[in-house]
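Only one structure is covered here, and it is reproduced in the block below.
Note that the coordinates shown come from a computational prediction; the quantities given were computed from them, not determined experimentally. Here is how names work: the chains are called A, B, and so on, in the same order as the sequence lines, proteins then strands, and each is numbered from 1.
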Protein chains: 2
Amino acid sequence: MTTRVQDALAQLKINGVRITPQRHAILSYLMDSMGHPTADEIYRALEPNFPSMSVATVYNNLKVFLEAGMVRELTYGDNSSRFDADISDHYHVICQSCGTIKDFACESLTEIERKAEESTSFKVFGHRMEFYGICNHCQG
Amino acid sequence: MTTRVQDALAQLKINGVRITPQRHAILSYLMDSMGHPTADEIYRALEPNFPSMSVATVYNNLKVFLEAGMVRELTYGDNSSRFDADISDHYHVICQSCGTIKDFACESLTEIERKAEESTSFKVFGHRMEFYGICNHCQG
DNA sequence: ATGGCTGCAAAGCCTTTGCAGGTTG
DNA sequence: CAACCTGCAAAGGCTTTGCAGCCAT
């Protein structure tokens with residue numbers, strides 16, 4: 001059986017990107033953890049296994065994955081970007097109290113994209129949507 | 001007749017915020033231009049009339065307006081935040097080629113917010129949605 | 001062997017902060 | 001007069017870049 005990580009690495013290889021231990025580790029961490037870590041969180045998580053790896057390498061490779069379309073970047077004002085290896089259609093619900101990010105599946109909004117095209121004369125290729133609120137835990 | 005700017009200034013005053021020439025100018029610029037300027041754009045636009053004003057003052061006051069709910073902040077990754085004095089329900093369509101931001105009116109998505117609440121156990125208070133594409137001008 | 005990748009350090013950019021002096025109500 | 005606000009400069013946090021050396025193919 002082939003894993004998502006293996007598929008992704010194979011895909012990268014085809015595009016002429018070398019598979020280094022660091023790249024393997026960063027991509028595995030992103031895909032296995034199913035979380036939305038920051039670059040620094042990834043860095044610290046991998047530090048035990050890659051004591052000499054630098055944060056720059058994490059950033060560099062996240063950029064490679066971004067350009068390959070394997071990872072999405074989530075930006076919220078001041079804070080550092082978060083990275084999401086789940087590129088399927090889904091949205092994020094973010095707790096304004098503790099920062100928890102939960103995934104939320106939802107029928108696609110291509111209908112609304114079309115309306116946006118009509119009303120703005122743009123050619124629309126995608127959208128981003130997030131919900132803000134208070135998580136179950138912080139409501140207590 | 002009272003303008004939006006005057007209403008906003010009156011509201012600020014009620015909340016104990018002093019109306020300084022800088023505040024007046026920043027708010028007027030935001031509300032009159034109807035654009036989505038960065039802090040630095042605001043700073044440079046007002047420089048001729050306020051040669052001694054500092055960028056810090058722009059940031060400080062934008063924060064004041066944000067907290068008063070008169071302005072929205074739009075964040076996109078690396079780039080500086082953009083500020084929008086239109087706080088009515090609307091969304092933004094952003095050109096990935098030239099960065100143009102166009103407003104897009106759309107029926108509210110409270111329905112979807114409710115679904116998000118059900119499926120995540122969050123109490124949802126708001127959302128953010130943006131569309132990405134290529135503007136009319138850049139399609140040529 | 002050659003091009004790409006890493007790691008390091010430094011730089012860059014946006015934003016915030018501390019503080020002294022001035023201004024508003 | 002007291003509180004608040006400005007302007008300046010410096011600091012802070014995240015991210016990128018330049019470069020020398022290393023490694024995969």
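The distance from atom CD of Gln22(B) to atom P of dG22(C) is 15 Å, rounded to the nearest whole Å. Atoms CD (Glu41(A)) and C1' (dG13(D)) sit 15 Å apart, rounded to a whole Å. Regarding Phe50(A), its CZ atom lies at a distance of 10 Å from the P atom of dT6(C), rounded to whole Å. For the pair Asp78(A) CG and dG12(D) P, the computed distance is 16 Å after rounding to whole Å. Atom NE2 in His24(B) sits about 14 Å away from atom P in dT6(D), given to the nearest Å. Taking atom CG on Leu12(A) and atom C1' on dG4(C), their separation rounds to 14 Å, with Å as the unit. Ile19(B) places its CD1 atom 8 Å from the P atom of dG25(C), with the value rounded to the nearest Å. Distance Arg23(B) CZ to dT23(C) P: 15 Å, rounded to the nearest Å.
For the pair Ser81(B) and dT15(C), the criterion of a side-chain N or O lying under 4.0 Å from OP1 or OP2 is met. One finds no side-chain N or O of Tyr59(A) lying less than 4.0 angstrom from the OP1 or OP2 phosphate oxygen of dT16(D). The phosphate of dT23(C) has neither OP1 nor OP2 within less than 4.0 Å of any side-chain N or O from Arg18(B).
Using a cut-off of 4.0 Å between Lys/Arg side-chain N and Asp/Glu carboxylate O, Arg114(B) and Glu117(B) are scored as not salt-bridged. Between Arg82(A) and Glu41(A) there is a salt bridge, since a side-chain N of the basic residue sits under 4.0 Å from a carboxylate O of the acidic one. Using a cut-off of 4.0 Å between Lys/Arg side-chain N and Asp/Glu carboxylate O, Lys115(B) and Glu107(A) are scored as salt-bridged.
Side-chain atoms of Lys123(B) never come within 3.5 Å of backbone atoms of Gly133(A) as a donor-acceptor pair (strictly under, hydrogens ignored).
When each of Thr20(B) and Asp40(A) is assigned the nucleotide of DNA chain D bearing its nearest heavy atom, the one mapping closer to the 5' terminus is Thr20(B). Mapping Val55(B) and Lys13(B) onto DNA chain C by nearest heavy atom places Val55(B) closer to the 5' end of the strand.
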Write out a two-atom table: protein N or O, nucleotide N or O from nucleotides 8-11 of chain D, distance below 3.5 Å.
from, atom 1, to, atom 2, distance (Å)
dC8(D), OP2, Ser52(B), O, 3.2

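Taking the side-chain hydrogen bond (donor to acceptor under 3.5 Å, both in side chains) definition, one finds that Arg72(B) meets it with nothing, sequence neighbours left out.
Under a cut-off of 6.0 angstrom, the local environment of NE2 in His137(A) is sparse, with at most 12 non-hydrogen atoms contributed by other residues, nucleotides or ligands.
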Q: Might you work through the side-chain hydrogen bond (donor to acceptor under 3.5 Å, both in side chains) test for Tyr91(A) and His127(A), ending with a clear yes or no?
A: CA-CA 10 Å; Tyr91(A) 303 104; His127(A) 63 269; 2.6 Å; yes
